[in-house]
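Beneath this line is the structure, given in structure tokens, with notes to follow.
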Amino acid sequence: MASYWYCGRCHYALGGISVAAVFVASFLIELTVLPFVTSFLVAITNTLGPMLAAYLLPKFHFNHHLYKQKDILLMIIVALVGMSVCATGGVLSLYLTGLAVTEKLSSIWFIWWLGDSLGVLLALPLVLNIGRKTTFTCNNRCYQLMAWIILFICVELIIVSAVPDLNKQFILSMFVILPMLIWASMSFGLVGGSFFVIVLSSIAVWVTSQGSGNFYSHDLSEGVFSLWTFMVALVVTMLLITALQSERNLALKTIQNHDKKLRAVIDGALDAIITIDATGRLIEFNPAAERIFGYKKEEAIGRPLSELIIPARYRAAHQTGHQQYVNSGVKHVFNQRMEMVAMREDGSEFPVELTLTALKDGDSSLVTGFLRDISEQKRARQEIENFAYYDALTGLPNRRLLVDRFQHAVLIAQRVETYCGLLFIDLDKFKALNDTKGHDVGDQLLIEVAKRIQNTVRAGDTVARLSGDEFVVILENLDTSATVAYQQVSEVAQKLLAELNKTYYLSFFEFATSASIGITLFNDDQLTFEDHLRHADTAMYLSKDSGGNTYRFYDQLTQESIEKSFALESALSFALVSHELYFNYQPIVDADKQVVAAEVLLRWNHPALGNVSPAEFIPIAEKTNQIIKIGHWVLEQACEQLKIWQTDPVLSQIKLSVNISAKQFLYINFMQELREILRKTAIDPSHLKLELTETAVIDNIDDVINKMKVLRQMGVRISLDDFGIGHSSLVYLKKLPVTQIKIDQSFVHDVLTDTNDAAIIQMVLAVGKTIHCDIVAEGVEQEEQYALLKSYGCDFFQGYYFSRPADVASFEKLVVTSAVKVISADSLPSV
């Protein structure tokens, strides 16, 4: 009767059968032996017991697989408590319906409780695990269990029938039962152990029911309790054995899973993982190590680490360090990242990042290294460094690294009290090469120049490329004496110029160039790198201004000159609008010392700088192209002055000469602007004379000749200034439509003492007469010079002997007082 109820209750504990199903099953079973009302009451209590067990077990996190001993203990306690509810309810039902007397209630309750508890303990483990995967899989081991159980049954029956002594029966049975129980529980777990216990219990119940066996007693309560105790002991023993085995299997499985995970991590790691034992031999070599070092795992395991991956020069140090760790346990380099050099199977060396960790395996000291190939990282780092600190084209240090080298040189110079030199090198014809042959050829030249500079200076000196064709050299460890240091740097500069002057062979053609070098010395940190670089740059431009292919030193006078030049350049841009420019007039006289013309001389009076010499501001105006605007103003003022003089009978005969710079004369709008000025002032064009230097004429001969012809057609006269100091005067003179030639004052100055100068002047006068040009001698300062030149046939003179440059009022007075007689325009010489 109770077996069906137990099965239903056990399934309810698992949540497999509903409360109603348990109640109905219990009611129908009890109804076969009890009245309707009693069966109904008993069914209620039989349902309450499993419900209580089902409620309590989850509260204590019960695992129905019974893997742990706490689950077994929890199952036993809850089963006993739940069955006490069933026994109490069942006995109370019997009593209320008159089927049990008061004197028998305790014995009935005890037997009922024992029966229910035993049934639960026997069936519950099997029921709880009967649904597990592979429970009913029949294989050789399953057949083996069935065979052993059948054999055990036979042996038990033989023992019971053959051995009359109950104590001997029990002892012999236990010798068979315990090994069988242990084997079944350990081999098949709860299912096999429970099945075996049920079989044992069934045999014990059957033997006892036959009036034999160790548990049979004339006292029913005593016999039932003994049988119950035996069966409970079997169940508990089986459960403990299976729990211990389950815990052991779980621990082994956990270890195996950990090993698998660890193996997967080691095998899947991108870094090489290598472990060595106390003797230094390899016991771990993962796939990454195979890939990085080139050895197969089976080739590496068991071999000394030092022979495989450590270069020969480091092996002794490795062995010493490893042995020290094994002996002392001191971890000097453990648990930190280090960079070292490793070796591949082919003998090639490469950088790795290494981290060491120690592990004790019993008494053995193991060392595991995690190695990462950082060849690519170092290569990328080097490329980044090269990009940041080196010029991509020439491979020379760039400006950033040059500053660092300069600071290092300053520290050395201060410590040993020696001088250092900074050379600023600029190629003289690089732009022409770049424009004509292209940037590729220009790059070839820069690469060759870089090589030549490096080969010329010492290995410890710094050669850098700033930009374009600009190079900088820092010479260290020069002499402690500034004079000697200047000499040392001069020698290096001369070698550099000689080397850079040699022919370059670029893309199947030859190219010749030179360089300009600026030099400055330093031996302290009073000035910054930028200061010294600016000084060297200033000195380099002085070399450029000297024609190139030379070197210049920077000094304080140079700096003062440059600063003054910058100040003048800034002030000059405001000179016109501030009305700071004005004219002086240098008279030109004839053979009778009468003033017939004048040269307009531009002057500048600055409110702060005072009178600035034309020798200072004219070159600046030329360099900054302000000469075009200033020259236009000069022409306007000269024509305005001629217009004023037109109403005066004496001054109206004066002609004005205006100096025209090459840039102004070659300016594209020059002719148009001159026409506009002449139209606006309405003067006689023949009274305006434009003076051009011989050098400016020769350098642009074709354009100059064309414009001179147009000027002659306009009536404007043209004078060739500083004649005789050029190189090709006679060759081009016949092509130039000039009306006047000025003999340079350098010939006039020594005409009394130098026969060569006298001969040149006579030649120029002869040429002038031949081509019908007036000749003016400049720089006449003595009576004797005037007399000699007059005797040579010179008709016009200019110089301090006659008058210094004067303002307009003084000049007008000079003209009037020098005019003894009025000269008509027709009889006045053509000057």
Side-chain angles (χ1 to χ4, degrees), residues 573 575-577 579 581-586 588 596-602 614 618 621-622 624-648 651-721 732-733 735-742 771-774 776 808 825-826 828 830-831:
S573 61
L576 278 178
V577 295
H579 305 290
L581 299 178
Y582 64 95
F583 285 167
N584 274 344
Y585 298 88
Q586 176 73 50
I588 299 174
V596 295
E599 180 180 352
V600 175
L601 301 177
L602 184 62
I618 293 298
E622 291 270 4
T624 59
N625 289 328
Q626 295 186 64
I627 194 65
I628 296 175
K629 182 169 63 175
I630 293 174
H632 181 270
W633 178 82
V634 170
L635 279 174
E636 272 189 329
Q637 296 303 309
C639 291
E640 290 288 348
Q641 189 62 56
L642 287 173
K643 183 178 180 180
I644 294 172
W645 287 341
Q646 281 181 344
T647 59
D648 188 281
L651 295 174
S652 62
Q653 307 304 313
I654 298 299
K655 299 175 175 60
L656 287 182
S657 297
V658 178
N659 289 286
I660 303 297
S661 74
K663 281 191 175 182
Q664 183 184 6
F665 190 73
L666 298 174
Y667 177 52
I668 189 171
N669 293 327
F670 174 75
M671 301 299 292
Q672 180 181 345
E673 291 179 354
L674 179 59
R675 283 194 182 95
E676 182 62 25
I677 293 172
L678 293 175
R679 185 195 64 77
K680 180 179 178 182
T681 57
I683 64 169
D684 183 356
S686 65
H687 282 64
L688 179 64
K689 189 182 302 178
L690 305 183
E691 290 192 10
L692 295 171
T693 61
E694 180 187 352
T695 304
V697 169
I698 293 174
D699 288 345
N700 306 277
I701 188 66
D702 293 333
D703 192 13
V704 169
I705 290 174
N706 292 333
K707 286 187 176 181
M708 280 185 175
K709 290 178 179 180
V710 176
L711 290 171
R712 285 292 297 269
Q713 294 173 0
M714 293 168 58
V716 178
R717 300 188 176 212
I718 301 170
S719 175
L720 194 60
D721 197 10
Y732 293 105
L733 188 57
K735 300 181 180 180
L736 299 172
V738 298
T739 58
Q740 178 180 284
I741 296 175
K742 280 190 169 184
I771 62 175
H772 307 290
C773 281
D774 295 329
V776 179
V808 63
D826 293 337
L828 219 163
S830 177
V831 188

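In what follows, residues are counted from 1 in the order of the sequence shown.
Contacts of Asp684 classified as side-chain hydrogen bond (donor to acceptor under 3.5 Å, both in side chains), with partners at least two apart in sequence or in another chain: Ser686, His687. Judged as a side chain to side chain contact (heavy atoms under 4.5 Å, CB included), and not counting sequence neighbours, the contacts of Asp703 are Leu666, Lys707. Listed by chain and number, the residues in a side-chain hydrogen bond (donor to acceptor under 3.5 Å, both in side chains) with Asn584 amount to none (sequence neighbours excluded). For Glu640, the salt bridge (charged side-chain N to carboxylate O under 4.0 Å, His left out) criterion is met by no residue, not counting sequence neighbours. Residues forming a side chain to side chain contact (heavy atoms under 4.5 Å, CB included) with Ser652 (at least two apart in sequence, or on another chain): none. Checked against side-chain hydrogen bond (donor to acceptor under 3.5 Å, both in side chains), Ser573 has no partners two or more places apart in sequence or in another chain. Legend: residues meeting side-chain hydrogen bond (donor to acceptor under 3.5 Å, both in side chains) with Lys663, ordered by chain and number and at least two apart, are Asn625.
Using a 4.5 Å heavy-atom cutoff, the side chains of Leu601 and Tyr585 are not in contact. Taking the side chain as every heavy atom from C-beta outward, Ser657 and Glu691 approach each other to under 4.5 Å. Side-chain contact between Val658 and Leu688 is present, with at least one heavy-atom pair separated by less than 4.5 Å. Gln740 is listed as a side-chain neighbour of Val776, based on a closest heavy-atom distance under 4.5 Å.
For the residue pair Ile644 and Thr647, the shortest heavy atom distance occurs at O-OG1, 3.4 Å. Closest approach of Cys773 to Val738, counting heavy atoms only: SG-O, 3.3 Å.
Separation of atoms CG (Leu642) and CD (Gln637) is listed at 11.5 Å; rounding is to 0.5 Å. Between the CD atom of Glu622 and the CD1 atom of Ile627 there is a distance of 5.0 Å, given to the nearest 0.5 Å. Note that CD1 of Ile718 and CG of Leu711 are 4.5 Å apart. Values are rounded to the nearest 0.5 Å. The OG atom of Ser661 lies 9.0 Å from the CZ atom of Phe670; values are rounded to the nearest 0.5 Å. In this structure, Trp645 CH2 and Ile654 CD1 are separated by 6.5 Å, a value rounded to the nearest 0.5 Å. A distance of 9.5 Å separates CG of Asn659 from CG of Leu602, quoted to the nearest 0.5 Å.
Distance alone, capped at 3.5 Å, is enough to place a donor-acceptor pair between the Arg712 side chain and the Pro737 backbone.
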>> The test is side-chain contact (heavy atoms from CB on, under 4.5 Å); show your working for Ile683 and Gln646 and say whether it passes.
In response: CA-CA 8 Å; Ile683 64 169; Gln646 281 181 344; 3.6 Å; yes
>> I'd like to know whether Val710 forms a side-chain contact (heavy atoms from CB on, under 4.5 Å) with Met671, so could you lay out the CA-CA distance, the side-chain angles of the two residues, the decisive distance to 0.1 Å, and finally the verdict.
In response: CA-CA 9 Å; Val710 176; Met671 301 299 292; 3.4 Å; yes
>> Test side-chain contact (heavy atoms from CB on, under 4.5 Å) on Phe583 and Val808; report intermediate values, then the result.
In response: CA-CA 8 Å; Phe583 285 167; Val808 63; over 6 Å; no
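The pair Lys742-Glu599 meets the salt-bridge criterion, with a side-chain N (NZ, NE, NH1 or NH2) lying under 4.0 Å from an Asp/Glu carboxylate O.
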Enumerate donor-acceptor pairs with a distance under 3.5 Å from any side-chain N or O in residues 674-682 to protein atoms, sequence neighbours excluded.
{"unit_1": "Glu676", "atom_1": "OE1", "unit_2": "Arg679", "atom_2": "NE", "d": "3.4"}
{"unit_1": "Glu676", "atom_1": "OE2", "unit_2": "Arg679", "atom_2": "NH2", "d": "2.5"}
{"unit_1": "Thr681", "atom_1": "OG1", "unit_2": "Ile677", "atom_2": "O", "d": "2.8"}

Do any side-chain atoms of residues 628-636 form donor-acceptor pairs under 3.5 angstrom with protein atoms, and if so which ones, sequence neighbours left out?
none

